[in-house]
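Just so you know, residue 1 is the first one in the sequence shown, and it goes up from there.
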Amino acid sequence: MSACTPTRHDRASRRTRPSPRRPPRLRPRIAGADVSASITVFLIAVPMALGLSLAVGAPLEAGLVAAAVGGIVAGLFGGAPLQVSGPSAGLTVVTAELIQIYGWRTTCAITIGAGLLQILLGALRVARNALAVSPAIVHGTLAGIGVAIALAQLHIMLGGSPQSSVVANALALPGQLAVIGGAAPLIGALTVAVVLLWPRLPGRAGRTARRIPAALASVVIATAVAAVAAPGLARVDLPSWRSHAFPELPHGPVLALATAVFTVMLVAGLESLLAAVAVDRLAADRAGEPVKPPSPAIGSATAVPPQRSDLDRELCGQGVANTLSGLLGGLPVAGGVVRGSANVRAGATGRASSVLHGIWVLLAAALLVTVFEWIPLAALAALVMVVGVQMVSFAHIRNVHRHREFPVYAATVAGVIGFGALTGVALGVAVAVVVSLRRLGRTKITVSEQDGRHVVIVRGQLTFLSVPRLTRALGQLPPGADATVELDGSFMDHAAYEAIQAWRGAQIAQGGSVAFTGRSGGSIALSGRSDGGVALTGRSGGVAALTVAAAHSCCRPWTPWRNHHCHDRPTSPVHTTSAISTTSLTEAVIATPGSAPDTTRPEGTHRLRSGLSSFQRNTAPLVRDELARLASEGQSPSQLFITCADSRLVTSMITASGPGDLFTVRNVGNLVPPPDALPTGTPPTDAPATHTAPATSGDDSVAAAIEYAVEVLRVESITVCGHSGCGAMQALLRGEPETGPDTPRTPLWRWLRHGLPSLERMASRHHSRSRISGRLPADEVEQLCLTNVVQQLEHLRAHEAVGRRLAEGTLQLHGMYFHVGEAQAYLLTEGAGSGTGHDEVFDRVGTEEPEPATTRPATGPTGQPATCDTARPATCTTA
């Protein structure tokens with residue numbers, strides 16, 4: 001089936017391919033949430049379309065044509081149901097250069113050619129291969145384009161005209177600043193201020209106002225102020241649709257035109273595919289949130305199954321949209337993260353939102369021309385300048401630097417700024433190749449002697465480039481000596497393999513012994529089978545591969561269940577470990593001997609039984625003695641750990657704790673109801689009167705756990721741990737869905753009301769905004785997650801037992817934030833955690849070793865003296 005054929009994106013479509021006898025459904029189903037989401041995206045898309053048209057020097061109506069075509073056509077035929085397409089910010093520099101060289105009508109023809117090329121590549125199913133481009137190159141390209149956009153639009157905002165290149169714009173900027181004057185800079189500054197401050201409006205009124213997109217609010221406010229204070233300011237001039245320019249046959253050198261077509265296709269395609277992947281990630285995060293059914297209010301959301309994009313179909317859909325947009329005289333079209341993320345956050349459930357947004361743009365282009373002509377050009381330039389600045393993401397720079405690819409990023413940015421998008425990409429690819437070759441050739445080899453045995457440590461990849469150093473190092477060992485070779489790499493080519501084999505054979509022939517180990521100490525076998533988890537095996541192509549079976553095995557600790565089922569995928573003898581050698585071993589523990597595996601058992605039950613079987617087989621023998629001791633002595637944890645019920649948060653893993661260490665309380669949103677909270681529910685009507693909870697009772701479940709931990713177990717500290725991407729915090733930010741007066745609150749919202757003080761604290765001006773050391777919170781969700789930890793610590797201090805122990809100095813409170821995607825923990829600074837009013841800053845936890853534990857007297861579970869290791873409370877022994 002062609003990749004361009006539309007298919008339905010539901011659960012069934014991911015398991016089986018659609019039957020060719022049933023044509024795909026082109027008319028999307030429309031839900032209430034899709035209508036409200038389409039309006040939200042429409043309010044963002046219109047000012048952006050006009051601003052991008054102004055930025056490239058195209059007719060202003062061309063942006064509206066691209067927004068309408070991108071929404072309707074790409075929405076219907078694309079493979080990313082929640083992505084919204086339109087005029088591309090990433091193509092601004094490319095399109096502006098093409099218009100300057102060839103004119104607008106030839107640029108439309110180039111857009112048509114790029115669209116046809118996208119359709120061809122989508123039909124050949126190469127879209128997934130495009131993601132193999134280094135993220136440093138992609139982010140560097142977008143950053144370079146963002147710098148170019150910002151500099152060009154800054155000239156317009158200051159009342160001048162942009163130059164022909166980025167370098168020229170930078171050189172002309174001091175002169176432009178010297179003659180600054182008039183109302184245009186003030187209107188531009190007002191637009192920038194509204195765009196940046198609008199998402200941070202405090203209080204209930206601010207939450208209501210934030211339902212209006214910042215882009216629309218900034219343009220409306222700037223237009224209103226300009227109409228009163230500067231009526232003579234240059235404004236949008238939309239020509240009549242009767243004079244709209246359509247494409248013409250291109251004129252110019254064939255090679256130059258082909259390069260232009262390829263450049264537009266490359267940048268638009270990469271931007272669309274990366275945006276589709278990002279929108280998929282946002283949709284998957286939203287799918288796990290506990291939310292109510294869709295509401296017609298703007299901003300409502302519903303939990304829908306995550307829909308993985310069909311990238312080949314998405315590339316085809318973008319190609320069809322670009323072809324039609326070029327034919328109709330519109331800008332090039334691409335998917336955008338800004339529009340797509342707004343669509344997801346607004347609650348869209350399918351492609352109907354994108355299609356409706358395109359229809360609204362089409363109606364506005366026909367009916368609201370007079371309204372558009374009131375917009376000042378300085379406001380649109382300021383809006384696009386902010387978009388350009390935001391394309392230079394410091395989070396991406398930190399990520400690239402952490403992966404040691406900053407030279408690639410910097411070379412791409414410099415190439416895009418100095419020579420254009422295509423040259424910048426080519427320069428980035430060249431630098432990436434050089435960096436990869438340098439890493440491949442960097443191998444550190446050291447020789448030492450330990451306990452009479454020679455040790456050779458090899459760090460890095462073993463290729464023919466490192467063979468001279470390898471043989472020289474191995475030649476330093478005495479003939480016939482006992483030696484251990486520690487290999488720490490992931491690849492070995494044939495030349496290195498032969499050198500090691502020859503030296504090994506000579507050592508053994510002279511009476512010595514040679515052992516090969518990995519970095520962790522596991523043995524390595526130079527044969528076709530693994531031995532202890534790492535295998536060096538010869539391949540038919542003359543290449544030997546170093547394969548760490550323990551790392552690549554499908555049965556790994558601390559991974560989801562889906563990674564624990566070797567029988568779900570074929571296994572290779574090279575990757576088979578001694579713990580789980582074949583499929584039959586796992587099945588033998590579950591199924592009756594001599595019987596076939598039960599394929600009718602539900603998947604969840606099968607996973608549970610398989611996991612329990614794995615524990616009994618591999619883990620239980622290691623912890624049985626410790627659990628027997630704890631069973632006889634009772635529990636004596638040192639810490640109460642209050643955290644979210646999110647399945648991605650494994651408390652014992654991130655705290656490196658074991659049985660008996662933590663007394664854990666988990667709930668939705670890691671909330672601690674204050675002692676004076678109202679009851680979370682009411683008893684049944686037929687319950688006895690004695691069972692009725694008093695009006696002042698709090699949430700007894702969490703309160704009982706706190707009292708037991710503090711009064712009975714005598715824990716030394718309490719930690720409240722929040723995490724990134726918390727669904728409860730996202731639900732609080734959206735607000736409770738509107739219901740009728742007779743409709744009672746759901747149990748979820750009766751519980752989430754305990755998080756409302758955190759929402760009020762974040763909006764309040766009387767409290768410091770929680771921060772992460774070294775960077776600002778990524779978005780409102782992360783800001784609320786951090787603030788919620790601080791607020792719940794205040795609730796915790798209000799409990800009588802906690803307050804008494806704090807006054808005695810025998811209890812400590814800690815705030816913690818765990819970023820799931822980065823696997824990074826942050827601890828609240830000591831002053832903020834103690835309630836003394838210090839700045840609420842979460843400091844990054846490093847990898848340095850903690851101070852040695854001290855032995856102190858303590859009290860065992862029976863009140864007898866005990867000796868405890870403070871770093872490992874489970875090792876307490878009763879005297």
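In this structure, Phe394 and Arg398 have side chains that are in contact, with non-hydrogen atoms separated by less than 4.5 Å. A heavy-atom distance below 4.5 Å is found between the side chains of Val668 and Trp751. A 4.5 Å side-chain heavy-atom check between Ile642 and Gln792 finds every atom pair outside the cut-off. Val790 is not listed as a side-chain neighbour of Met762, based on a closest heavy-atom distance of 4.5 Å or more. The closest side-chain heavy-atom distance from Leu197 to Leu201 is not below 4.5 Å. Within the 4.5 Å cutoff, the side chain of Gln639 has no heavy atoms near those of the Ile718 side chain. For the pair Ile137 and Thr412, the minimum side-chain heavy-atom distance is below 4.5 Å. Counting heavy atoms from C-beta outward, Tyr409 and Ile397 have side chains that approach closer than 4.5 Å.
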Please walk me through it: do Asp661 and Phe641 pass side-chain contact (heavy atoms from CB on, under 4.5 Å)? CA-CA 10 Å; Asp661 288 346; Phe641 201 84; over 6 Å; no
Verdict with reasoning, Met385 to Ile149, per side-chain contact (heavy atoms from CB on, under 4.5 Å): CA-CA 6 Å; Met385 184 188 72; Ile149 293 174; 6.0 Å; no
Please test Gln83 against Ser309 for side-chain hydrogen bond (donor to acceptor under 3.5 Å, both in side chains), starting from the C-alpha separation and ending with a verdict. CA-CA 9 Å; Gln83 175 158 269; Ser309 297; over 6 Å; no
Please walk me through it: do Val344 and Val279 pass side-chain contact (heavy atoms from CB on, under 4.5 Å)? CA-CA 7 Å; Val344 172; Val279 170; 3.7 Å; yes
Can you check side-chain contact (heavy atoms from CB on, under 4.5 Å) on Leu828 and Val841, steps first, answer last? CA-CA 6 Å; Leu828 185 63; Val841 179; 6.0 Å; no
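Between Asn670 and Thr643, the side chains place no donor N or O within less than 3.5 Å of an acceptor N or O (distance only, hydrogens not considered). Inspection of the Ser85 and Gln318 side chains reveals an N or O donor paired with an N or O acceptor under 3.5 Å.
From Thr829, atom OG1 reaches atom CG of Asp843 across 6.0 Å, with rounding to the nearest 0.5 Å. To the nearest 0.5 Å, atom SG of residue Cys726 and atom CZ of residue Arg648 are 8.5 Å apart. Rounded to the nearest 0.5 Å, atoms CG (Leu813) and CG (Leu796) are 5.0 Å apart. Taking CG from Leu733 and CD from Gln783, the interatomic distance works out to 10.0 Å, rounded to the nearest 0.5 Å. Ile772 contributes atom CD1, which lies 10.0 Å from atom CZ of Arg844 (distance to the nearest 0.5 angstrom).
In plain terms, the two heavy atoms of Glu405 and Ala136 that are nearest each other are OE1-CB, 3.7 Å. The nearest pair of heavy atoms linking Gln824 to Val845 is NE2-O, 2.8 Å. Between Ala268 and Ala334, the closest heavy-atom pair is O-CB, 3.8 Å. Smallest separation of non-hydrogen atoms from Ala214 and Val195: CB-O, 3.9 Å. Here the closest heavy-atom approach between residue His754 and residue Leu671 is recorded as CB-CD1, 4.0 Å. Of all non-hydrogen atoms in Gly669 and Asn788, the two that sit nearest each other are O-ND2, 3.1 Å.
Applying the 6.0 Å contact sphere to CZ of Arg666 captures more than 12 heavy atoms from other residues, nucleotides or ligands.
Under a 3.5 Å cut-off, the side chain of Asn343 and the backbone N or O of Leu82 do form a donor-acceptor pair. At distances below 3.5 Å, at least one donor-acceptor pair connects side-chain atoms of Arg351 with backbone N or O atoms of Gly75. Listed for the Asp312 side chain is a donor-acceptor partner under 3.5 Å among the backbone atoms of Val126.
For Glu760, the side-chain contact (heavy atoms from CB on, under 4.5 Å) criterion is met by no residue, not counting sequence neighbours. Partners of His819 by side chain to side chain donor-acceptor pair (under 3.5 Å), not counting sequence neighbours: none found. For Glu780, the salt bridge (charged side-chain N to carboxylate O under 4.0 Å, His left out) test picks out Arg210, with sequence neighbours left out. Taking Ile654 as the reference, Leu649, Met816, Phe818 meet the side-chain contact (heavy atoms from CB on, under 4.5 Å) condition, with sequence neighbours excluded. Residues passing the salt bridge (charged side-chain N to carboxylate O under 4.0 Å, His left out) test with Arg775 are Glu782, sequence neighbours excluded. With sequence neighbours excluded, the residues that form a side-chain contact (heavy atoms from CB on, under 4.5 Å) with Gln390 are Val386.
A tilted orientation is assigned to the rings of Tyr817 and Tyr826, their planes being inclined by 30° to 60°.
The existence of a salt bridge linking Arg753 and Glu736 is excluded, since no basic side-chain nitrogen approaches an acidic carboxylate oxygen closer than 4.0 Å.
Evaluated for a side-chain contact (heavy atoms from CB on, under 4.5 Å) with Met729, the options Cys785, Cys644, Ser758 yield exactly one hit, Cys785.
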